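Quick note on labels: first sequence line is chain A, next is B, and so on, each numbered from 1. This structure is a prediction, so every number in the text was calculated from the model and none was measured.
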Number of protein chains: 2
Amino acid sequence: MKPRITLKKIAKEFGVSISTVSKALKDSHEISEDVRERIKAFADFYNYKPNSLALQLRNQKTSVIGVIVPEIVHHFFSQVIDGIEKYANEHGYSVMVCISNESYKKEVSNISVLTNGSIDGLIVSIARETQETQNFKHFEDLIKDDFPLVLFDRIIEDLQCDKVIIDDVGGAFQATEHLIDLGAKRVALLTTQDYISVGALRKEGYLKALVAKGVTIDESLIYRIEDNKNLYEQIEKVINVPNPPDAILAVNEIYAANALKVAKERGLAIPEDIAIIGFTSGLISEFTSPPLTSVVQHGFLMGQHAAELLINRIEHTAPEAFQKEVISTNLKVRKSTINS
Amino acid sequence: MKPRITLKKIAKEFGVSISTVSKALKDSHEISEDVRERIKAFADFYNYKPNSLALQLRNQKTSVIGVIVPEIVHHFFSQVIDGIEKYANEHGYSVMVCISNESYKKEVSNISVLTNGSIDGLIVSIARETQETQNFKHFEDLIKDDFPLVLFDRIIEDLQCDKVIIDDVGGAFQATEHLIDLGAKRVALLTTQDYISVGALRKEGYLKALVAKGVTIDESLIYRIEDNKNLYEQIEKVINVPNPPDAILAVNEIYAANALKVAKERGLAIPEDIAIIGFTSGLISEFTSPPLTSVVQHGFLMGQHAAELLINRIEHTAPEAFQKEVISTNLKVRKSTINS
DNA sequence: TATAAACACGAAAACGTTTGCGTAACTTTA
DNA sequence: TAAAGTTACGCAAACGTTTTCGTGTTTATA
């Protein structure tokens, strides 16, 4: 790579001092018009751009925000990143993305790499392993230093920082209510292990709706999918049984799509024999047949809000109270629940 | 945010010079064991980490690579980013992601922001608008400065830099061949406008296969989807006609899934009346019914290769010849072409 | 005991930038 | 013509780090 042109080199070229060049390029009236114009022309010709590192070091501000997500190949997370990037960009920030890969260790190392001065703030959705082991010291350390931090989606309730979450309880409530209103008596829940915060919250909404509708809770209808085992087989055990449920609420799109597949293979009519709803942010639900009724999560919006909270936190030193924003979901009704 | 601890502050604390502290923390034998250990304990207690900006400035190396993609909410691109991030991380680099949003202007500004000293190299897939207008000056400028640059997927053939592409021609050839072998006489092509490089290449593979199989080319079976118009309606005009094609090759998953939908709504049997194949890297094809036979693109692999090329270029100053790597596709046969 | 070697640290430059302040030289004012 | 003001630039510090070289003090060698 060719060495970049610097103030020093321009100064040498003109036999003036570095500060003269700096001022000339900034159109300072301190510099005579003649010298100023010649320096500007020269700099322009060589496409001078101030070295960002030097500026960042001097100004103690990088205008970069870090983002750590459990994975990026996931419609929801890429939507959130998209939202973050958009808002950040509009406000003069760039985005540095790291992937924890659901690993505690990688999350810690990501944070360590990012918080060595190269970013002004951090947006994180917590890795599965971290949620499992409940070791949050790396976040507590950040908070202790008042480092600007925003948690989204997979959050830790007790941490003193800004947060953005989906209305998981409300979304699950609405979906379950919809299923019961359509006549379902035995609504199964396909959820994650309890330590995943969003899974737990969606279960909460599901249970609330049952109670509200006067349906007795049947623990045997709650299935906690294990991530390291075969998904399809686990879902078969839900549907491919003597007395399958007459409705299913799945906490994500993949579970829902697989449930639909198994049900169809078993010869069940959808939605007549079994109605299915999934949480979603992807495109699968639209293209299954029948298309899946979905609890739509607005990832892009979530990203924008997270970025907004973070940038406010970075730029307003006044220590405002920490916010917790809740992004509403909405129920997109398709033919997996109503066939008309 | 609390001010971070620096060498200067530690030095003041111990009444020694900055260089002594620096050396002590690096376990230099120049510093007496007593002082060394005390300084290290102190630094450890206050969780000292060298300021990355200062190091980057001094070493003239950031260990960050920039990535510009047209969009991130797209399974293929997020897979590539995932691959880049993985390889980069394993080799001590971080990743800064920018999104051009298919806009020429944003692409230019992204490059401008990134190449002001804050990254060591750049990986780009070109925006649609840039491909359309054919204005490549921003890339030529980079190349003129020998700035490490790798183009992937949407590339510019004439540019002197490393490139990674999918075997678009081969993938389309194989898919078309498959359709013809199954008895198709009138294979339609659902492609993009010609200026999109991958669309053009896939058309080339399609045409090659027709020629190889002795099928006469029928230009009226080639449909160039326009991005700003309604997708569904455009696809209806392909299938919902008196004499629809008996097979379709779509250059992406969304086109294919919509074609499937339209065909089913028209009452066509799949694959008996009409067989469908789509290029893909997402999950939709797996969950349609019937599932779609797909030309699978290995985005993750592509990302890894792009990162490898870039990092080699960054670290080996010896000006090796520019490489053009081709990632093979493979045909995943599902029931939209063979029902058995 | 004089000299050489080892030890333990500090000074300063370098990376590239901005900016407050100082100061010559020149111009205006009284 | 002396005092004051203006013009046009340079100096130096600051951001935080690493590293080469220099140097004073102590210890070992002949």
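Scanning all heavy atoms of the two residues, the minimum distance from A/Cys161 to A/Leu151 falls at SG-CD2, 3.9 Å. The two residues B/Leu309 and B/Lys163 come nearest to each other via the heavy atoms CD1-O, 3.8 Å.
A salt bridge does not link A/Lys324 with A/Asp162: none of the charged nitrogens is closer than 4.0 Å to a carboxylate oxygen. Taking a cutoff of 4.0 Å between a charged side-chain nitrogen and a carboxylate oxygen, A/Glu102 and A/Arg154 qualify as a salt bridge. Salt-bridge annotation for A/Lys61 and A/Asp120: present, with a side-chain N of the basic residue lying under 4.0 Å from a carboxylate O of the acidic one. Between B/Asp141 and B/Lys137 there is a salt bridge, since at least one side-chain N of the basic residue sits less than 4.0 Å from a carboxylate O of the acidic one. The existence of a salt bridge linking B/Lys40 and B/Glu33 is excluded, since no basic side-chain nitrogen approaches an acidic carboxylate oxygen closer than 4.0 Å. Between B/Asp34 and B/Arg38, at least one side-chain N (NZ, or NE/NH1/NH2) sits under 4.0 Å from a carboxylate O, which counts as a salt bridge.
Counting to the nearest Å, the P atom of C/dG16 and the CD1 atom of A/Ile10 are 12 Å from each other. What separates CZ of B/Phe14 from P of C/dG10 is a distance of 13 Å, to the nearest Å. Between B/Leu55 atom CG and D/dC15 atom C1' there is a gap of 13 Å when expressed in whole angstrom units. In this structure, NZ of A/Lys9 is placed 14 Å from P of C/dA14, rounded to the nearest angstrom. Between the NZ atom of A/Lys61 and the C1' atom of D/dG16 there is a distance of 19 Å, given to the nearest Å. Rounding to whole angstrom units, CG of residue A/Asn59 and P of C/dG16 are separated by 17 Å. The separation between B/His29 atom NE2 and D/dT20 atom P is 11 Å, rounded to whole Å. The CG atom of B/Leu25 sits 15 Å away from the C1' atom of D/dT19 (whole-angstrom rounding).
Comparing B/Leu57 and B/Val35 along DNA chain C, the residue whose closest nucleotide (by nearest heavy atom) sits nearer the 5' end is B/Val35. Taking for each of B/Gly15 and A/Arg4 the nucleotide of DNA chain C with the nearest heavy atom, the 5'-most of the two is the partner of B/Gly15.
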How would you summarise protein contacts on nucleotides 23-28 of chain C per nucleotide, using B for base, S for sugar-phosphate only and - for none, with heavy-atom distances below 4.0 Å? ------

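The ring pair (Phe, Tyr, Trp, His ring centres under 6.0 Å) check on B/Tyr104 picks up B/His138, with sequence neighbours excluded. Take B/Tyr195 and apply the side chain to side chain contact (heavy atoms under 4.5 Å, CB included) test, not counting sequence neighbours, and it matches B/Arg128, B/Gln131, B/Glu132, B/Gln193.
Side-chain atoms of A/Asn116 and A/Ser118 include a donor-acceptor pair closer than 3.5 Å.
Crowding of B/Lys49 atom NZ: a count of heavy atoms from other residues, nucleotides or ligands under 6.0 Å exceeding 12.
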Output a table of nitrogen or oxygen pairs between the protein and nucleotides 19-22 of chain C separated by less than 3.5 Å.
unit_1	atom_1	unit_2	atom_2	d
C/dG20	O6	A/Lys23	NZ	3.0

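The residue from A/Val164, A/Ile311, A/Asn312 that alone fulfils the side-chain contact (heavy atoms from CB on, under 4.5 Å) condition with A/Val150 is A/Val164.
A sub-4.0 Å separation between OP1 or OP2 of C/dC15 and a side-chain N or O of A/Lys8 is present. The side chain of B/Gln60 contributes an N or O atom lying less than 4.0 Å from OP1 or OP2 of C/dG16.
End-to-end axis angle for the helix from C/dT1-D/dA30 to C/dA30-D/dT1, using five pairs per end and rounding to 10°, comes out at 70°.
Within residues 36-53 of chain A, no residue places a heavy atom under 4.0 Å from DNA chain D.
A donor-acceptor contact shorter than 3.5 Å links the side chain of A/Lys106 to the backbone of A/Ile99.
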